[in-house]
Each structure stands twice: as C-alpha cells, then as structure tokens.
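Worksheet: one structure, shown below.
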2 protein chains.
Amino acid sequence: MQGDGRMGIVAALVRSTFLVDAVYAASARKYGITSQQGQLLCVLMAGPRGMTELGAMLRLAKSSLTGLVDRTERNGLVGRESDPDDLRAVRVALTPHGSELVEEFYAETCRRIEDLPAALDPEDRDVLADLLGRVVLANEVPEVFLASEEGTGKKV
Amino acid sequence: MQGDGRMGIVAALVRSTFLVDAVYAASARKYGITSQQGQLLCVLMAGPRGMTELGAMLRLAKSSLTGLVDRTERNGLVGRESDPDDLRAVRVALTPHGSELVEEFYAETCRRIEDLPAALDPEDRDVLADLLGRVVLANEVPEVFLASEEGTGKKV
DNA sequence: CCGCAGTAGTTCGTGTTACGAATTGTCCGA
DNA sequence: TCGGACAATTCGTAACACGAACTACTGCGG
C-alpha cells in the first residue's frame, strides 16, 4: 500500500479478488443460486463429471462435494447418473433446467466481469488479460510437473 | 476462452480470483484461523472499528458480523470495547495475541501473494499492478453513491 | 477364482458463515 | 419530551466445508 493512487501488486490482487467474488455472488443471487452452485454448474457446462473429478476442479473435499451436489440436485439443476463403466462411480450432469439456467447465469456473469475493466482502454485491457493470464497459467501447477519439479515448495 | 495459451479478460480475472482465494485460505489455515477471521484481523490492523463500519468494509450484514466477531473473540484475537462517545456502539480491537498473530499472518499472506506473479518481469509486474489497481479503484463504489443510485439492484 | 488393497461416494457429526426479521437500548432533532 | 433513526444482538434457518468412518465396487496378485 503506497498511499497515493497507485497500488501495490498485492493490494491490487487482493482487492480485485474481492471485486470478482462480489460480482459472482451478486450474479448467482440474481438467479436464485449460491456462488458455489453457480461454480458447479459452470464446470458442468463442459460435460458431465465424476465426483472425484469435480472435487479436484473445485478444490473441495469429497464429503463437501456430496452436499453441494445434493443441494443442487434438490434444486433440480443437476442429476446423478451412474457410470456404466464403473458401478462405484457417478456422473453428475446438468438437467435441462440446469443447462438453461447456467447458460444465462454464465453469460450474465461474464458480462458483469467484463464490465469491471470498463475504465481501461481496449489496449490496456488486452495487456491486463495477457499479464494476468500468464500469472494464472504459471500457477496452475499442472499435476504432471508436481512429481518431477519439487524444488520450490510451492505446494498449495 | 480462446483455446490457446492466451486467455480472455474474464477467464483471467476469474481464475486469478480462484488463485488468490486459495492462497488466502491456505495462509489462514496455517495460522489456525479461517479466511474470514483473517480478513477481519487484517482490517483491524489499521485500528479499532465499529461493527457497522466493519460490516461495510467486509460487505457483511450486521447479523453476520456479530457472529464473526463472536467467534474471533472466542479465539482470543479481538475484543469488544464500548465506545465512550456512543453507548450503543462498540469498538472491535485486536488483542495483544491477535495483533501478534495478524502481523505474521499478514506478512506471510503478502509474501505468498507476491509470489504469484513471480513468473513476470519486474516491469510487467508493475504494469499489472497499475492496470489492476485502476480496475479496482474504478469499481470501488464509494458508499456515498450507493444510496442515490439504486437502479441496478447491486445491493449486497 | 479368491482375497484383499485401493478407489468412488456417502453418511455423520461438528463448526463456520451468512442472512433476514425481530428486539433492545441509545441518540438526537423537532 | 417524544418518536424516528441508528448500533448492535438474538433467533431461526440454511448453506458450506471438513475429517473420520463406512459401504460397495474394482482390479490385481497369487
């Protein structure tokens, strides 16, 4: 924090996080769901997933996920189908209603988030997207590398 | 999402949010507190605050805040002192222990967040901080405006 | 083919977080 | 002084998150 208009990288990251969280929550509320359920639905847009897989993507313990899927299922937005190839496993998929809802939710959320950097020139927005994108990619610790490159102790 | 290495501004913002959230949570966990309690403590580093004031800063309903302060108080990290100037009001302040803990928590969290853009040149980091900082400032709806501009339904 | 370690998910109990509505006590302006 | 505004709490409800214990199925070694 350096007092004047300019902001340290840490403050900028933390505060932008706050901002995006708020947008996400507001958008979810508007569609009568919670942020977590919204996140789940968004992940499922790409296709059905198993519970374990979802847990990894959302970084949730499996017991947490059971509850989240339960509640979202109770809302009629997702369904569980048993995996034909593995009788233990389950595939969580969007219901027609869930699919319809997430379509709108996703679009609206994107729109709102896109509005956040409205004060920036298009050019600056591109630069921001590029830099922030690089930060994300650099930290998205691809599973593959974890085993080999253990040096930095950067474990989550 | 544009498939290749580059990332849209929306994806970049959302994913960086995910990243920062995770860092915050991990750091908090290490110090035996929750993210929310950590956030509360960080706000209080600058000095004692009233409940209403805290609610505005953390964007929490007052009833939510009562609980958060209760739990944090139970952990011995903050205390309530009654405001001498207004018998209705309360000032929440760090206890010595809380102060000590937040000092370390804050430092560590900053360190971890500062590490996120480690892959960027110092110059690029500055640009990122500047751009992201501008986004934050442009969206930090000063309380004053909230009352007058009610149209958007942007309420908490 | 059997048995057994490992995996996928659920259940259970606990604690945190968040909210709105109703309430209590205080402040202050008409 | 009275009544509206305000600070905070209480209460009831629901979502969320976790770990530990459990069930049921898989797949491998023997």
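In this view, Tyr24(A) and Phe105(A) satisfy the ring-ring contact (aromatic ring centres under 6.0 Å, His included) rule, not counting sequence neighbours. Residues forming a side chain to side chain contact (heavy atoms under 4.5 Å, CB included) with Arg80(B) (at least two apart in sequence, or on another chain): Met51(B), Thr66(B), Val69(B), Asp70(B), Glu73(B), Val90(B). Applying the side chain to side chain donor-acceptor pair (under 3.5 Å) criterion to Arg49(A), with sequence neighbours excluded, gives Glu53(A).
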query = With the sugar-phosphate defined as primed atoms, P, OP1 and OP2, and the base as all remaining atoms, what B/S/- string results for nucleotides 2-12 of chain D, 5' to 3', for protein heavy atoms under 4.0 Å?
reply = ---BBSBBB--
task = In sequence, state the C-alpha distance, the side-chain angles, and the governing distance for Arg71(B) and Gln36(B), and then conclude on side-chain contact (heavy atoms from CB on, under 4.5 Å).
result = CA-CA 11 Å; Arg71(B) 290 184 296 273; Gln36(B) 288 80 358; over 6 Å; no
ask   = Taking it one step at a time, do Leu132(B) and Ile9(A) satisfy side-chain contact (heavy atoms from CB on, under 4.5 Å)?
value = CA-CA 8 Å; Leu132(B) 205 50; Ile9(A) 184 81; 5.8 Å; no
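With rounding to whole Å, Asp85(B) atom CG is found 13 Å from dT26(C) atom C1'. At whole-Å resolution of the value, CG in Leu77(B) and C1' in dT16(C) are 15 Å apart. The nearest whole Å value for the distance from the CZ atom in Arg29(A) to the C1' atom in dC16(D) is 16 Å. Protein atom CG of Asp21(B) is 14 Å distant from nucleotide atom C1' of dA17(D), rounded to whole Å. For Leu60(A) and dC18(D), the CG to C1' distance is 10 Å, given to the nearest whole Å. Taking atom CG of Leu68(A) as the reference point, atom P of dA14(D) lies 17 Å away to the nearest angstrom.
A donor-acceptor contact shorter than 3.5 Å links the side chain of Thr95(A) to the backbone of Gly76(A).
Within the model, atoms CG of Leu77(B) and OG1 of Thr72(B) stand 6.5 Å from one another, a figure rounded to the nearest 0.5 Å. Interatomic distance, CE of Met57(A) versus CG of Leu44(A), reported as 8.5 Å (0.5 Å rounding).
Put simply, Arg59(A) has no side-chain N or O that comes within less than 4.0 Å of OP1 or OP2 on dA17(D). Note on Arg71(B): every side-chain N or O is 4.0 Å or more away from OP1 and OP2 of dG15(C).
Of all the residues in residues 96-104 of chain A, not one reaches under 4.0 Å from DNA chain C with any non-hydrogen atom. If you check residues 33-41 of chain A against DNA chain D, the residues with a heavy atom closer than 4.0 Å are Thr34(A), Gln36(A), Gln37(A), listed by number.
A salt bridge links Asp124(A) and Arg134(B); the closest N-O separation between the charged side-chain nitrogens and carboxylate oxygens is under 4.0 Å.
When each of Thr72(A) and Leu87(A) is assigned the nucleotide of DNA chain D with its nearest heavy atom, Thr72(A) is the one assigned upstream, toward the 5' end.
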